Amino acid sequence: MKRFYVVLGIVAVVGAAVVAVALRGGTPVIEPVDLGDITDQELVDLAQGVVYGDPDAPLTIMEFADYQCPSCGYFALSVKPFVDTDYIETGQAKLVFHDFPLDQHPHAFLAARAARCAGDQDRYFEYHDEVFRTQMEWTGLANPAAHFKDLAGDIELDAGAFGRCLDSDMHADVVTANRRLGERLGVGGTPAIFVHDGQALTFVPGFEFAHVQQAMEAAGSGN
Amino acid sequence: MTDRSPSAESGEQALEDPSAPAKNRMAVAVLTLGGIFLAFYLVANNLGWVPRVPCGTGDCGIVQSSKYAWVGPIPVSAIGLGGYLALFVLSLLGLQESMAGSRLIALLLFGGALAGVLYSGYLTYLEAAVIKAWCRYCVASAVLITIVFAATIPEVKRIRGVGAG
(Lines give C-alpha, C1' and ligand atoms only; values in the text may rest on other atoms or scores of the structure.)
Protein backbone atom coordinates (compact mmCIF):
# COMPACT_ATOMS: atom_id res chain seq x y z
CA MET A 1 0.00 0.00 0.00
CA LYS A 2 2.85 2.39 0.74
CA ARG A 3 4.11 2.15 -2.81
CA PHE A 4 0.59 2.83 -4.07
CA TYR A 5 0.32 6.05 -2.10
CA VAL A 6 3.74 7.14 -3.32
CA VAL A 7 2.65 6.61 -6.93
CA LEU A 8 -0.64 8.40 -6.25
CA GLY A 9 1.28 11.30 -4.72
CA ILE A 10 3.57 11.54 -7.72
CA VAL A 11 0.60 11.58 -10.11
CA ALA A 12 -1.07 14.26 -7.99
CA VAL A 13 1.99 16.51 -7.90
CA VAL A 14 2.81 16.11 -11.59
CA GLY A 15 -0.82 16.56 -12.65
CA ALA A 16 -1.27 19.67 -10.52
CA ALA A 17 1.96 21.15 -11.86
CA VAL A 18 1.00 20.53 -15.50
CA VAL A 19 -2.46 22.03 -15.04
CA ALA A 20 -1.02 25.02 -13.15
CA VAL A 21 1.41 25.74 -15.99
CA ALA A 22 -1.38 25.38 -18.54
CA LEU A 23 -3.67 27.74 -16.65
CA ARG A 24 -0.96 30.35 -16.30
CA GLY A 25 -1.37 31.45 -19.93
CA GLY A 26 -2.02 35.07 -20.76
CA THR A 27 -5.37 36.69 -20.12
CA PRO A 28 -6.95 38.29 -23.15
CA VAL A 29 -8.44 41.74 -22.66
CA ILE A 30 -12.12 41.53 -23.61
CA GLU A 31 -13.47 44.96 -22.78
CA PRO A 32 -12.58 48.61 -23.27
CA VAL A 33 -9.62 49.92 -21.31
CA ASP A 34 -9.06 53.19 -19.51
CA LEU A 35 -7.38 55.61 -21.89
CA GLY A 36 -6.77 58.17 -19.20
CA ASP A 37 -6.96 61.86 -19.93
CA ILE A 38 -6.23 62.15 -23.61
CA THR A 39 -6.87 65.14 -25.81
CA ASP A 40 -9.17 65.07 -28.83
CA GLN A 41 -6.16 65.04 -31.12
CA GLU A 42 -4.59 62.16 -29.22
CA LEU A 43 -7.88 60.28 -29.49
CA VAL A 44 -8.04 60.83 -33.26
CA ASP A 45 -4.43 59.74 -33.62
CA LEU A 46 -5.03 56.61 -31.56
CA ALA A 47 -8.37 55.69 -33.13
CA GLN A 48 -6.86 54.54 -36.36
CA GLY A 49 -9.22 52.76 -38.70
CA VAL A 50 -8.10 50.02 -41.04
CA VAL A 51 -7.88 51.16 -44.64
CA TYR A 52 -9.22 49.01 -47.46
CA GLY A 53 -8.44 50.16 -50.97
CA ASP A 54 -6.29 52.97 -52.31
CA PRO A 55 -5.25 55.23 -49.41
CA ASP A 56 -5.12 58.15 -51.83
CA ALA A 57 -8.67 57.65 -53.14
CA PRO A 58 -10.58 60.96 -53.14
CA LEU A 59 -13.58 59.72 -51.17
CA THR A 60 -13.63 57.85 -47.90
CA ILE A 61 -16.35 55.50 -46.72
CA MET A 62 -16.06 55.24 -42.95
CA GLU A 63 -17.68 52.25 -41.33
CA PHE A 64 -18.18 51.83 -37.59
CA ALA A 65 -19.02 48.20 -36.91
CA ASP A 66 -19.38 45.60 -34.20
CA TYR A 67 -18.27 42.06 -35.04
CA GLN A 68 -21.09 40.53 -33.02
CA CYS A 69 -23.77 42.63 -34.68
CA PRO A 70 -25.81 40.69 -37.27
CA SER A 71 -26.47 43.79 -39.36
CA CYS A 72 -22.74 44.46 -39.50
CA GLY A 73 -22.33 40.91 -40.74
CA TYR A 74 -24.93 41.59 -43.39
CA PHE A 75 -23.12 44.74 -44.47
CA ALA A 76 -19.74 43.01 -44.53
CA LEU A 77 -20.86 39.98 -46.49
CA SER A 78 -23.73 41.25 -48.63
CA VAL A 79 -23.20 44.96 -49.19
CA LYS A 80 -19.45 45.50 -49.03
CA PRO A 81 -18.78 43.29 -52.10
CA PHE A 82 -20.83 45.75 -54.20
CA VAL A 83 -19.04 48.69 -52.58
CA ASP A 84 -15.76 46.99 -53.46
CA THR A 85 -16.73 46.53 -57.09
CA ASP A 86 -18.21 49.96 -57.69
CA TYR A 87 -16.06 52.23 -55.56
CA ILE A 88 -13.00 50.59 -54.04
CA GLU A 89 -11.68 48.69 -57.04
CA THR A 90 -12.35 51.67 -59.32
CA GLY A 91 -10.22 53.84 -57.04
CA GLN A 92 -13.02 56.31 -56.33
CA ALA A 93 -13.09 55.60 -52.63
CA LYS A 94 -11.38 53.77 -49.84
CA LEU A 95 -13.16 52.11 -46.96
CA VAL A 96 -11.90 52.78 -43.46
CA PHE A 97 -13.12 50.28 -40.92
CA HIS A 98 -13.52 51.45 -37.33
CA ASP A 99 -14.37 49.26 -34.37
CA PHE A 100 -17.48 50.05 -32.41
CA PRO A 101 -17.99 47.12 -30.00
CA LEU A 102 -21.36 47.55 -28.33
CA ASP A 103 -21.85 46.90 -24.62
CA GLN A 104 -24.59 44.34 -25.24
CA HIS A 105 -22.22 42.17 -27.28
CA PRO A 106 -19.78 40.55 -24.82
CA HIS A 107 -17.47 39.11 -27.48
CA ALA A 108 -17.37 42.09 -29.81
CA PHE A 109 -14.33 43.69 -28.19
CA LEU A 110 -12.30 40.48 -28.33
CA ALA A 111 -13.36 39.94 -31.94
CA ALA A 112 -12.21 43.47 -32.79
CA ARG A 113 -8.87 42.79 -31.12
CA ALA A 114 -8.58 39.47 -32.93
CA ALA A 115 -9.05 41.20 -36.27
CA ARG A 116 -6.41 43.75 -35.32
CA CYS A 117 -4.06 40.89 -34.43
CA ALA A 118 -4.66 39.50 -37.92
CA GLY A 119 -3.99 42.99 -39.23
CA ASP A 120 -0.54 42.80 -37.64
CA GLN A 121 0.13 40.10 -40.20
CA ASP A 122 -1.40 42.22 -43.01
CA ARG A 123 -4.47 40.03 -43.28
CA TYR A 124 -7.05 42.25 -41.61
CA PHE A 125 -9.90 42.11 -44.09
CA GLU A 126 -9.46 38.43 -44.88
CA TYR A 127 -9.86 37.75 -41.18
CA HIS A 128 -12.66 40.32 -40.90
CA ASP A 129 -14.65 38.37 -43.50
CA GLU A 130 -14.08 35.08 -41.69
CA VAL A 131 -15.19 36.49 -38.34
CA PHE A 132 -18.41 37.78 -39.86
CA ARG A 133 -18.93 34.62 -41.93
CA THR A 134 -18.74 32.46 -38.82
CA GLN A 135 -20.58 34.90 -36.55
CA MET A 136 -23.33 32.42 -35.69
CA GLU A 137 -20.76 29.82 -34.68
CA TRP A 138 -19.00 31.91 -32.04
CA THR A 139 -21.54 34.45 -30.87
CA GLY A 140 -23.14 32.03 -28.40
CA LEU A 141 -19.93 30.61 -27.00
CA ALA A 142 -18.84 31.22 -23.44
CA ASN A 143 -15.38 32.05 -24.72
CA PRO A 144 -14.81 32.46 -28.45
CA ALA A 145 -11.03 32.90 -28.15
CA ALA A 146 -10.43 29.36 -29.35
CA HIS A 147 -12.63 29.96 -32.36
CA PHE A 148 -10.79 33.16 -33.22
CA LYS A 149 -7.49 31.30 -33.04
CA ASP A 150 -8.86 28.55 -35.22
CA LEU A 151 -9.89 31.15 -37.79
CA ALA A 152 -6.33 32.47 -37.73
CA GLY A 153 -5.17 28.95 -38.47
CA ASP A 154 -7.72 28.58 -41.24
CA ILE A 155 -6.24 31.51 -43.14
CA GLU A 156 -2.72 30.34 -42.27
CA LEU A 157 -1.65 33.17 -40.03
CA ASP A 158 1.34 32.70 -37.76
CA ALA A 159 -0.61 30.97 -34.99
CA GLY A 160 1.98 31.67 -32.31
CA ALA A 161 2.14 35.39 -32.99
CA PHE A 162 -1.63 35.61 -33.29
CA GLY A 163 -2.15 33.73 -30.03
CA ARG A 164 0.32 35.89 -28.13
CA CYS A 165 -1.41 38.98 -29.47
CA LEU A 166 -4.91 37.78 -28.60
CA ASP A 167 -3.91 36.55 -25.14
CA SER A 168 -2.74 40.01 -24.17
CA ASP A 169 -3.96 43.58 -24.11
CA MET A 170 -2.63 44.39 -27.57
CA HIS A 171 -4.84 46.79 -29.57
CA ALA A 172 -7.21 47.18 -26.62
CA ASP A 173 -6.38 50.90 -26.51
CA VAL A 174 -6.91 51.33 -30.25
CA VAL A 175 -10.25 49.50 -30.23
CA THR A 176 -11.33 51.54 -27.21
CA ALA A 177 -10.30 54.74 -28.96
CA ASN A 178 -12.18 53.70 -32.10
CA ARG A 179 -15.35 53.37 -30.10
CA ARG A 180 -14.84 56.70 -28.37
CA LEU A 181 -14.28 58.34 -31.72
CA GLY A 182 -17.54 56.85 -32.96
CA GLU A 183 -19.33 58.15 -29.90
CA ARG A 184 -17.91 61.63 -30.58
CA LEU A 185 -19.30 61.37 -34.11
CA GLY A 186 -22.72 60.45 -32.75
CA VAL A 187 -22.70 56.77 -33.60
CA GLY A 188 -25.54 55.13 -31.69
CA GLY A 189 -25.88 51.84 -33.50
CA THR A 190 -24.04 49.68 -35.95
CA PRO A 191 -23.20 49.52 -38.72
CA ALA A 192 -22.82 53.29 -38.99
CA ILE A 193 -21.59 54.51 -42.35
CA PHE A 194 -20.19 57.92 -43.19
CA VAL A 195 -18.90 59.34 -46.44
CA HIS A 196 -16.09 61.86 -46.32
CA ASP A 197 -15.24 63.87 -49.40
CA GLY A 198 -12.18 65.55 -47.95
CA GLN A 199 -14.16 68.40 -46.48
CA ALA A 200 -17.49 67.26 -45.09
CA LEU A 201 -18.44 64.13 -43.25
CA THR A 202 -21.89 62.87 -44.20
CA PHE A 203 -23.80 60.26 -42.23
CA VAL A 204 -25.40 57.58 -44.43
CA PRO A 205 -28.92 56.93 -43.15
CA GLY A 206 -28.90 53.18 -43.71
CA PHE A 207 -26.59 50.36 -44.62
CA GLU A 208 -28.08 48.98 -47.82
CA PHE A 209 -26.04 49.44 -50.96
CA ALA A 210 -28.63 51.91 -52.28
CA HIS A 211 -27.97 54.13 -49.27
CA VAL A 212 -24.25 54.07 -49.94
CA GLN A 213 -24.84 54.81 -53.63
CA GLN A 214 -26.95 57.85 -52.82
CA ALA A 215 -24.37 59.19 -50.38
CA MET A 216 -21.54 58.59 -52.84
CA GLU A 217 -23.39 60.37 -55.63
CA ALA A 218 -24.06 63.29 -53.32
CA ALA A 219 -20.35 63.37 -52.47
CA GLY A 220 -19.45 63.59 -56.13
CA SER A 221 -18.79 60.01 -57.10
CA GLY A 222 -18.76 59.30 -60.81
CA ASN A 223 -21.05 56.27 -60.41
CA MET B 1 -8.18 -31.85 6.14
CA THR B 2 -7.57 -29.22 3.52
CA ASP B 3 -6.21 -25.90 4.74
CA ARG B 4 -8.78 -23.26 3.68
CA SER B 5 -8.89 -19.52 4.16
CA PRO B 6 -11.58 -18.06 6.46
CA SER B 7 -13.41 -16.44 3.56
CA ALA B 8 -13.61 -19.64 1.58
CA GLU B 9 -14.93 -21.41 4.62
CA SER B 10 -17.79 -18.94 4.90
CA GLY B 11 -19.17 -19.96 1.51
CA GLU B 12 -19.31 -18.68 -2.08
CA GLN B 13 -20.79 -15.30 -1.12
CA ALA B 14 -17.64 -14.23 0.65
CA LEU B 15 -14.45 -13.03 -0.95
CA GLU B 16 -11.28 -15.03 -0.72
CA ASP B 17 -9.41 -12.24 1.07
CA PRO B 18 -11.56 -9.18 1.49
CA SER B 19 -9.04 -7.34 3.60
CA ALA B 20 -6.27 -7.51 0.99
CA PRO B 21 -5.94 -4.33 -1.08
CA ALA B 22 -7.18 -4.93 -4.62
CA LYS B 23 -4.53 -4.05 -7.16
CA ASN B 24 -7.12 -3.26 -9.81
CA ARG B 25 -8.58 -0.59 -7.51
CA MET B 26 -5.13 0.91 -7.03
CA ALA B 27 -4.85 1.09 -10.80
CA VAL B 28 -8.28 2.72 -11.03
CA ALA B 29 -7.28 5.31 -8.41
CA VAL B 30 -4.06 6.25 -10.19
CA LEU B 31 -5.69 6.37 -13.64
CA THR B 32 -8.71 8.37 -12.53
CA LEU B 33 -6.49 10.85 -10.71
CA GLY B 34 -4.82 11.50 -14.04
CA GLY B 35 -8.27 11.76 -15.59
CA ILE B 36 -9.27 14.36 -13.01
CA PHE B 37 -6.44 16.66 -14.07
CA LEU B 38 -7.16 16.07 -17.76
CA ALA B 39 -10.87 16.77 -17.38
CA PHE B 40 -10.21 19.78 -15.15
CA TYR B 41 -8.05 21.30 -17.88
CA LEU B 42 -10.84 20.84 -20.42
CA VAL B 43 -13.37 22.35 -18.01
CA ALA B 44 -11.05 25.34 -17.57
CA ASN B 45 -11.01 25.70 -21.34
CA ASN B 46 -14.80 25.45 -21.60
CA LEU B 47 -15.26 28.06 -18.90
CA GLY B 48 -12.76 30.42 -20.46
CA TRP B 49 -10.11 30.20 -17.73
CA VAL B 50 -7.63 29.34 -20.45
CA PRO B 51 -7.96 30.88 -23.88
CA ARG B 52 -7.42 27.73 -25.84
CA VAL B 53 -6.43 24.12 -25.61
CA PRO B 54 -3.16 24.01 -27.52
CA CYS B 55 -3.40 21.32 -30.11
CA GLY B 56 -0.57 20.27 -32.38
CA THR B 57 -2.72 17.78 -34.23
CA GLY B 58 -6.45 17.74 -34.75
CA ASP B 59 -8.62 20.64 -33.79
CA CYS B 60 -9.56 21.04 -30.17
CA GLY B 61 -11.03 24.45 -30.84
CA ILE B 62 -13.74 23.09 -33.13
CA VAL B 63 -14.59 20.25 -30.75
CA GLN B 64 -14.53 22.40 -27.63
CA SER B 65 -16.60 25.15 -29.20
CA SER B 66 -19.14 22.82 -30.83
CA LYS B 67 -22.65 22.51 -29.45
CA TYR B 68 -21.81 18.94 -28.44
CA ALA B 69 -19.29 20.24 -25.90
CA TRP B 70 -22.17 21.31 -23.66
CA VAL B 71 -25.19 19.56 -22.18
CA GLY B 72 -27.41 22.53 -21.44
CA PRO B 73 -25.36 24.81 -19.19
CA ILE B 74 -22.92 22.03 -18.24
CA PRO B 75 -19.72 21.40 -20.19
CA VAL B 76 -19.30 17.75 -21.17
CA SER B 77 -15.82 17.97 -19.67
CA ALA B 78 -17.43 18.77 -16.28
CA ILE B 79 -19.45 15.57 -16.56
CA GLY B 80 -16.17 13.75 -17.20
CA LEU B 81 -14.58 15.49 -14.25
CA GLY B 82 -17.44 14.39 -12.02
CA GLY B 83 -17.17 10.85 -13.30
CA TYR B 84 -13.43 10.64 -12.70
CA LEU B 85 -13.84 12.14 -9.22
CA ALA B 86 -16.56 9.62 -8.34
CA LEU B 87 -14.50 6.67 -9.58
CA PHE B 88 -11.42 8.00 -7.76
CA VAL B 89 -13.27 8.29 -4.45
CA LEU B 90 -14.92 4.88 -4.91
CA SER B 91 -11.58 3.22 -5.66
CA LEU B 92 -10.03 4.74 -2.54
CA LEU B 93 -13.00 3.66 -0.46
CA GLY B 94 -12.72 0.20 -1.97
CA LEU B 95 -9.11 0.04 -0.81
CA GLN B 96 -10.09 0.57 2.81
CA GLU B 97 -10.02 -2.64 4.80
CA SER B 98 -13.56 -2.18 6.06
CA MET B 99 -14.99 -1.76 2.55
CA ALA B 100 -12.81 -4.10 0.58
CA GLY B 101 -15.54 -6.68 0.36
CA SER B 102 -18.39 -4.28 -0.37
CA ARG B 103 -20.46 -5.41 -3.32
CA LEU B 104 -21.94 -1.92 -3.56
CA ILE B 105 -18.49 -0.40 -4.11
CA ALA B 106 -17.76 -3.07 -6.68
CA LEU B 107 -21.07 -2.44 -8.43
CA LEU B 108 -20.59 1.33 -8.46
CA LEU B 109 -17.03 1.06 -9.71
CA PHE B 110 -17.88 -1.31 -12.54
CA GLY B 111 -21.15 0.42 -13.41
CA GLY B 112 -19.58 3.87 -13.30
CA ALA B 113 -16.70 2.85 -15.50
CA LEU B 114 -19.08 1.13 -17.92
CA ALA B 115 -21.24 4.25 -18.13
CA GLY B 116 -18.09 6.33 -18.64
CA VAL B 117 -16.75 4.19 -21.44
CA LEU B 118 -20.13 4.10 -23.20
CA TYR B 119 -20.57 7.88 -22.98
CA SER B 120 -16.98 8.40 -24.07
CA GLY B 121 -17.61 6.10 -27.01
CA TYR B 122 -20.60 8.22 -27.99
CA LEU B 123 -18.49 11.39 -27.80
CA THR B 124 -15.76 9.79 -29.89
CA TYR B 125 -18.39 8.87 -32.47
CA LEU B 126 -19.54 12.51 -32.53
CA GLU B 127 -15.98 13.68 -33.12
CA ALA B 128 -15.51 11.20 -35.95
CA ALA B 129 -18.87 11.33 -37.70
CA VAL B 130 -20.60 14.59 -36.81
CA ILE B 131 -18.08 17.25 -35.80
CA LYS B 132 -15.41 15.72 -38.05
CA ALA B 133 -12.64 17.09 -35.87
CA TRP B 134 -10.48 15.54 -33.21
CA CYS B 135 -9.39 16.92 -29.90
CA ARG B 136 -6.42 14.96 -28.68
CA TYR B 137 -7.30 15.63 -25.05
CA CYS B 138 -10.77 14.17 -25.61
CA VAL B 139 -9.23 11.17 -27.35
CA ALA B 140 -6.78 10.77 -24.45
CA SER B 141 -9.70 10.81 -22.04
CA ALA B 142 -11.52 8.19 -24.12
CA VAL B 143 -8.46 5.94 -24.03
CA LEU B 144 -8.05 6.56 -20.31
CA ILE B 145 -11.63 5.67 -19.39
CA THR B 146 -11.35 2.54 -21.54
CA ILE B 147 -8.32 1.43 -19.53
CA VAL B 148 -10.14 2.34 -16.31
CA PHE B 149 -13.06 0.22 -17.44
CA ALA B 150 -10.72 -2.69 -18.18
CA ALA B 151 -9.28 -2.30 -14.68
CA THR B 152 -12.75 -2.59 -13.17
CA ILE B 153 -13.56 -5.91 -14.87
CA PRO B 154 -12.38 -7.88 -11.78
CA GLU B 155 -15.17 -6.11 -9.90
CA VAL B 156 -17.63 -8.39 -11.71
CA LYS B 157 -16.38 -11.27 -9.61
CA ARG B 158 -16.86 -9.24 -6.45
CA ILE B 159 -20.37 -8.29 -7.52
CA ARG B 160 -21.13 -11.97 -8.04
CA GLY B 161 -19.57 -12.76 -4.68
CA VAL B 162 -16.57 -14.60 -6.09
CA GLY B 163 -13.12 -13.61 -4.87
CA ALA B 164 -10.98 -11.30 -6.99
CA GLY B 165 -7.43 -10.27 -6.31
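Just so it is clear: chains get the letters A, B, ... in the order the sequence lines come, proteins before strands, and each one is counted from 1. Predicted, not measured: the structure shown is a model, and the values here were computed from it.
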Note: Val19(A) and Phe37(B) closest approach over all heavy atoms is CG2-O, 3.7 Å

Practice prompt. Might you work through the side chain to side chain contact (heavy atoms under 4.5 Å, CB included) test for Leu141(A) and Trp70(B), ending with a clear yes or no?
Written response: CA-CA 10 Å; Leu141(A) 299 177; Trp70(B) 294 76; 5.7 Å; no

Separation between CE (Met1(A)) and CD (Glu97(B)), nearest 0.5 Å, reads 9.5 Å

Inset, instruction - Would you indicate whether Glu156(A), at its atom CD, is surrounded by more than 12 heavy atoms from other residues, nucleotides or ligands within a distance under 6.0 Å? - result: no

Any chance you could lay out the side chain to side chain contact (heavy atoms under 4.5 Å, CB included) test for Arg3(A) and Met26(B), step after step, and finish with the verdict? CA-CA 10 Å; Arg3(A) 185 184 294 174; Met26(B) 292 181 184; over 6 Å; no

Q: Assess whether side chain to side chain contact (heavy atoms under 4.5 Å, CB included) is satisfied between Leu92(B) and Leu8(A), documenting all intermediate values.
A: CA-CA 11 Å; Leu92(B) 289 185; Leu8(A) 205 60; 4.0 Å; yes

Honestly, the part of Tyr5(A) sitting under 4.5 Å from a heavy atom of chain B is side chain

Should we say atom OH of Tyr125(B) is surrounded by more than 12 heavy atoms from elsewhere, each under 6.0 Å from it? no

Would you say that Val18(A) contacts Tyr41(B) through its side chain, given a criterion of any heavy-atom pair below 4.5 Å between the two side chains? no

